[in-house]
Amino acid sequence: MVVQEQQPPVSVPDDRPPKWTPQRIAVWAGIALLGGVAWSILALGRGESVSAIWFVFAALSSYAIAYRFYARFIVTRVLRADDTRATPAERLENGLDYNRTDRRVTYGHHFAAIAGAGPLVGPVLAAQMGYLPGTIWIIVGVIVAGAVQDLMILFFSMRRNGRSLGQMARQDIGPVGGIAALIAVLAIMIMILAVLALVVVNALAESPWGVFSIAMTIPIAFFMGVYLRYLRPGRIVEVSLLGCGLLILAIVSGGWVAASSLAPMFTLDKVTLVWCLIGYGFAASVLPVWMLLAPRDYLSTFMKVGTIGLLAVGILVVAPNTTMPAFTDFAFNGAGPVFSGTLFPFVFIIIACGALSGFHALIASGTTPKMIEKERQVRLVGYGGMLTESFVAIMALVAACTIDQGLYFAMNSGAGVTGGTAAGAAEFVNGLGLAGVSITAEDLNAAAAVVEEESLVSRTGGAPTLAIGISEILSGIFGGAGAKAFWYHFAIMFEALFILTTVDAGTRVGRFMLQDTIGNVIPRFKDTSWKVGSILASAIIVAAWGSILLMGVTDPLGGINTLFPLFGISNQLLAAVALAVCVTILCKTGRVRYAWVPGIPLAWDAVVTLTASWQKIFSDDPRIGYWAQHTQYKDAIAAGQTQLGPAANLDQMEAVVRNTFIQGALSILFAVLIIVILADAIRVCVAHLRSGGISDSEHPHEPSKVFAPAGLFATAEEKRIQQMWAEHRPESPEAPAVLAGRE
């Protein structure tokens with residue numbers, strides 16, 4: 001009798017959590033106690049400095065508890081993830097966009113793609129209001145809002161063949177809300193990409209070290225992609241070590257190049273960098289995901305996580321104290337020099353990506369769902385990836401809150417109030433009435449000299465301030481005061497690399513969105529493997545954000561700088577769209593009892609963002625309201641004035657009039673679109689609740705034929721099943737093992 005060989009299991013048969021032993025109970029009780037103590041010290045401290053160590057403990061303890069309990073509850077009870085079900089990466093694998101990818105590489109890609117300017121600069125700017133508001137929102141917000149959105153959108157998109165956020169809204173909410181979502185999502189996406197690219201350009205302009213180091217990550221990524229696909233398939237540890245070594249070599253070599261005769265070759269102006277970014281974004285969008293995008297994002301994750309981890313270790317070793325109080329007066333009077341507006345709603349808008357970001361929903365419904373091997377991996381990739389970004393934001397906040405307050409406000413106050421000089425900045429900062437703050441022009445010049453900069457005055461935008469904070473902390477471990485210049489310039493280059501990965505992944509996601517949208521009229525465009533459609537859509541997307549970016553670097557008061565103030569609000573409005581889609585899908589699929597999971601953050605986000613939009617549109621304070629500022633400058637021109645505020649001449653005043661009109665008009669457009677989407681989502685949910693019917697747009701269940709672990713580290717049972725698969729050898733040696741875990 002011939003016995004047919006049985007295939008090993010494709011999932012862990014019993015996925016129940018480990019039993020509660022006394023040791024396990026003690027560990028989690030210790031984590032909870034440490035977190036409770038840290039939070040108590042941060043929340044109750046008044047009038048005295050607080051050790052930055054407690055920020056690290058509060059964050060990590062909270063993340064551990066949330067990931068272990070809340071994320072597991074969402075994956076198993078709310079979403080009902082099923083590893084016996086084939087994912088789109090398995091069913092539709094084509095080696096181009098759909099690519100079954102090792103969970104560690106997917107996590108690296110997703111984290112690198114979502115972690116852009118927001119978690120670096122947002123918390124730095126929010127430090128104006130004190131350390132406590134930002135800390136609470138970054139940690140609590142990510143647990144109940146940001147990570148929930150990323151996890152759920154990733155799962156729902158994966159169940160729908162990697163469908164984009166706009167298409168999910170169109171199919172699950174309805175034609176009215178769906179069309180509004182398609183317009184809003186695509187418009188906001190293009191604006192976000194241009195903003196992120198501008199930060200990269202500003203960081204790399206005239207910096208041969210940064211340009212060389214980042215340029216070298218491209219051939220390294222190509223090498224890693226070829227290595228994993230053809231040379232040593234599935235050898236993640238090997239390629240990780242090789243890639244990390246080459247990355248360190250590229251960073252060190254950047255310093256050598258900057259000091260050599262090759263420096264002029266890599267010293268690029270802003271316009272040249274714009275064209276380089278446009279070309280790179282196009283290539284990353286059309287090339288197979290395994291060739292450039294995934295390995296480069298994975299490579300970038302080493303530097304991102306490594307640098308932030310190093311910063312956390314530095315905080316634990318150096319133990320710097322905060323110089324910023326828990327709350328400043330600016331949190332309540334709305335008259336801060338960094339940005340205008342009170343704590344509510346603007347601290348939540350400014351922090352943005354560190355706690356909740358609509359941009360993440362575009363990645364979670366773009367590249368990532370087409371790479372997931374098994375459904376339960378969404379917990380690591382979606383929820384875990386967002387927790388990692390939140391930790392980045394906490395580290396950025398700590399870096400800003402531990403530097404001298406006078407230096408902080410001198411760097412982040414505009415040239416219009418500081419005059420752009422050390423003397424003017426010192427006079428302005430000392431006049432703010434900050435308790436215990438007194439700084440001189442000599443102090444500011446000395447601070448600039450230490451990091452080998454001509455001036456640090458009015459270096460707004462948050463990135464230079466973060467670099468100062470990083471240099472202060474890391475020089476306390478490595479090199480002492482003499483190494484501050486090295487760590488400062490390293491941090492600037494790190495920030496550019498950090499943000500660049502969102503531009504390449506975002507461009508590819510924009511291509512998916514545009515193909516989905518055009519596909520409603522020309523069905524062939526929905527096929528992302530159609531090269532003609534991919535090339536055309538990619539060209540349109542890079543032309544859209546590239547043209548706005550080009551205007552931004554050639555017109556100081558126009559282009560992307562016009563849209564930058566809208567970045568935070570529009571990003572949060574995009575999150576409202578994503579959360580509305582999640583609530584609607586739960587209601588339509590008979591899981592209304594769990595609608596509170598995305599429903600609570602949706603309600604909060606809607607209140608915050610629409611309140612901010614209302615103030616930006618209707619406030620009569622020119623520092624806050626777009627139309628108030630528009631009227632102020634328009635009236636000044638009519639009265640014959642030739643300069644006002646940051647506008648040094650009549651042309652710049654006219655630019656402000658034009659820019660504020662665009663800002664105000666777009667604010668109205670985005671707010672109206674979001675209201676339409678929310679209203680339509682409520683209509684659909686109420687209709688399904690009344691009818692009691694079930695409607696599901698996900699792809700039908702198809703059995704999986706592969707196995708992969710769910711978490712970052714395989715459990716003992718998962719290792720046993722992996723061994724069974726290795727002995728079974730279901731795939732021929734010639735079968736593609738593209739970045740998949742087969743070690």
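Count residues from 1 along the sequence.
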*Asks:* Is it true that the side chains of Thr323 and Asp404 contain a donor and an acceptor less than 3.5 Å apart?
*Replies:* no

*Asks:* Contact between Val417 and Pro337 at the side-chain level, heavy atoms closer than 4.5 Å - yes or no?
*Replies:* no

*Asks:* Would a 4.5 Å heavy-atom cut-off, applied to side chains only, mark Phe428 and Val457 as touching?
*Replies:* no

*Asks:* Which of parallel (below 30°), tilted (30 to 60°) and perpendicular (above 60°) describes Phe344 and Trp604?
*Replies:* tilted

*Asks:* Indicate the atoms forming the closest heavy-atom contact of Gly177 with Ile677, along with that distance.
*Replies:* O-CG1, 3.5 Å

*Asks:* Mind jotting down which residue pairs meet the side chain to side chain donor-acceptor pair (under 3.5 Å) criterion with at least one end in residues 405-418? Sequence neighbours excluded, please.
*Replies:* Asn412-Thr465, Thr418-Ser458

*Asks:* Does atom CD of Gln643 have more than 12 heavy-atom neighbours from other groups under 6.0 Å away?
*Replies:* no

*Asks:* Distance from Gln128 atom CD to Asp329 atom CG, nearest 0.5 Å?
*Replies:* 11.0 Å

*Asks:* Considering all heavy atoms of both residues, which atom of Ile624 and which atom of Ser619 are nearest to each other, and what is their separation?
*Replies:* CB-OG, 3.9 Å

*Asks:* To the closest 0.5 Å, what do you measure between CG (Leu273) and CD1 (Ile278)?
*Replies:* 11.0 Å

*Asks:* What distance do Gln629 atom CD and Asp620 atom CG have between them, rounded to the nearest 0.5 Å?
*Replies:* 13.5 Å

*Asks:* For residues Val121 and Leu466, determine if any side-chain heavy atom of one lies less than 4.5 Å from a side-chain heavy atom of the other.
*Replies:* no

*Asks:* Just verifying a value: how many Å separate Gln663 CD and Ile668 CD1, rounded to the nearest 0.5 Å?
*Replies:* 12.0 Å

*Asks:* May I ask you to decide if Ser285's main-chain N or O and Arg511's side chain share a donor-acceptor pair within less than 3.5 Å?
*Replies:* yes

*Asks:* Do the non-hydrogen side-chain atoms of Ile153 and Cys582 ever get within less than 4.5 Å of each other?
*Replies:* yes

*Asks:* Any side-chain heavy atom of Leu277 sitting closer than 4.5 Å to one from Val274?
*Replies:* no

*Asks:* Can Asp504 and Thr507 be said to form a side chain to side chain donor-acceptor pair (under 3.5 Å), step by step?
*Replies:* CA-CA 5 Å; Asp504 54 21; Thr507 301; over 6 Å; no

*Asks:* Which atoms form the tightest heavy-atom contact between Phe359 and Gly506, and what is the distance?
*Replies:* CZ-CA, 4.3 Å

*Asks:* Near Glu427 CD, under 6.0 Å, is it more than 12 heavy atoms from other residues, nucleotides or ligands?
*Replies:* no

*Asks:* Restricting to non-hydrogen atoms, name the atom on Ala426 and the atom on Ala441 that form the minimum distance, rounded to 0.1 Å.
*Replies:* CB-N, 3.7 Å

*Asks:* Side chains of Thr642 and Asn649: does their closest heavy-atom pair fall under 4.5 Å?
*Replies:* no

*Asks:* Within this structure, what is the OG1-NZ distance for the pair Thr611 and Lys616, rounded to the nearest 0.5 Å?
*Replies:* 13.5 Å

*Asks:* Any side-chain heavy atom of Val451 within less than 4.5 Å of one from Ile468?
*Replies:* yes

*Asks:* Between Ile600 and Val583, is the side-chain contact (heavy atoms from CB on, under 4.5 Å) condition met? List the steps.
*Replies:* CA-CA 10 Å; Ile600 291 175; Val583 171; over 6 Å; no

*Asks:* Could you go through His360 and Glu389, starting from their C-alpha distance and side-chain angles, then the distance that decides it, and tell me whether this counts as side chain to side chain donor-acceptor pair (under 3.5 Å)?
*Replies:* CA-CA 11 Å; His360 297 185; Glu389 177 166 0; 3.0 Å; yes

*Asks:* Relative to the ring of Phe348, is the ring of Trp137 parallel (under 30°), tilted (30 to 60°) or perpendicular (over 60°)?
*Replies:* perpendicular

*Asks:* Please report the C-alpha distance between Phe512 and Leu362 in whole Å, then the side-chain angles of each, then the deciding distance to 0.1 Å, and finally whether the side-chain contact (heavy atoms from CB on, under 4.5 Å) criterion is met.
*Replies:* CA-CA 10 Å; Phe512 292 152; Leu362 304 182; over 6 Å; no

*Asks:* So which heavy atom on Ser471 is nearest to which on Tyr488, and how close?
*Replies:* CB-N, 3.6 Å

*Asks:* Just do the side-chain contact (heavy atoms from CB on, under 4.5 Å) check on Leu432 and Val437 with the steps written out, would you?
*Replies:* CA-CA 9 Å; Leu432 291 174; Val437 175; over 6 Å; no

*Asks:* Would you confirm whether the ring centroid of Tyr131 sits within less than 6.0 angstrom of the ring centroid of Phe55?
*Replies:* yes

*Asks:* Taking Leu673 as the fixed residue, which of Leu669, Val676, Ile675 is the one that meets the side-chain contact (heavy atoms from CB on, under 4.5 Å) rule?
*Replies:* Leu669

*Asks:* If you apply the rule side-chain contact (heavy atoms from CB on, under 4.5 Å), what do you find for Gln572 with Leu356, and how did you get there?
*Replies:* CA-CA 7 Å; Gln572 301 301 81; Leu356 174 65; 4.2 Å; yes

*Asks:* Is any side-chain heavy atom of Tyr626 closer than 4.5 Å to one of Ser667?
*Replies:* yes

*Asks:* May I ask you to decide if Ile439's main-chain N or O and Asn430's side chain share a donor-acceptor pair within less than 3.5 Å?
*Replies:* yes

*Asks:* With sequence neighbours excluded, what pairs up with Gln167 under the side-chain hydrogen bond (donor to acceptor under 3.5 Å, both in side chains) test?
*Replies:* Asn520

*Asks:* Out of Val581, Val144, Leu579, which residue meets the side-chain contact (heavy atoms from CB on, under 4.5 Å) rule with Pro598?
*Replies:* Leu579

*Asks:* May I ask you to check whether Phe330 and Phe409 place their ring centers less than 6.0 Å from one another?
*Replies:* yes

*Asks:* Under a 3.5 Å distance rule, please check whether Thr272 uses its side chain to pair with a backbone N or O of Leu268 as donor and acceptor.
*Replies:* no

*Asks:* Which heavy atom of Arg623 sits nearest a heavy atom of Ser340, and at what distance?
*Replies:* CB-OG, 3.3 Å

*Asks:* Roughly how far, to the nearest 0.5 Å, is the CG atom of Leu644 from the CD1 atom of Ile637?
*Replies:* 9.0 Å

*Asks:* Is there a donor-acceptor pair closer than 3.5 Å between any side-chain N or O of His630 and the backbone N or O of Val657?
*Replies:* yes

*Asks:* Going by ring pair (Phe, Tyr, Trp, His ring centres under 6.0 Å), name the pairs with one or both residues in residues 636-669, residues two or more places apart or in two chains.
*Replies:* Trp627-Phe661

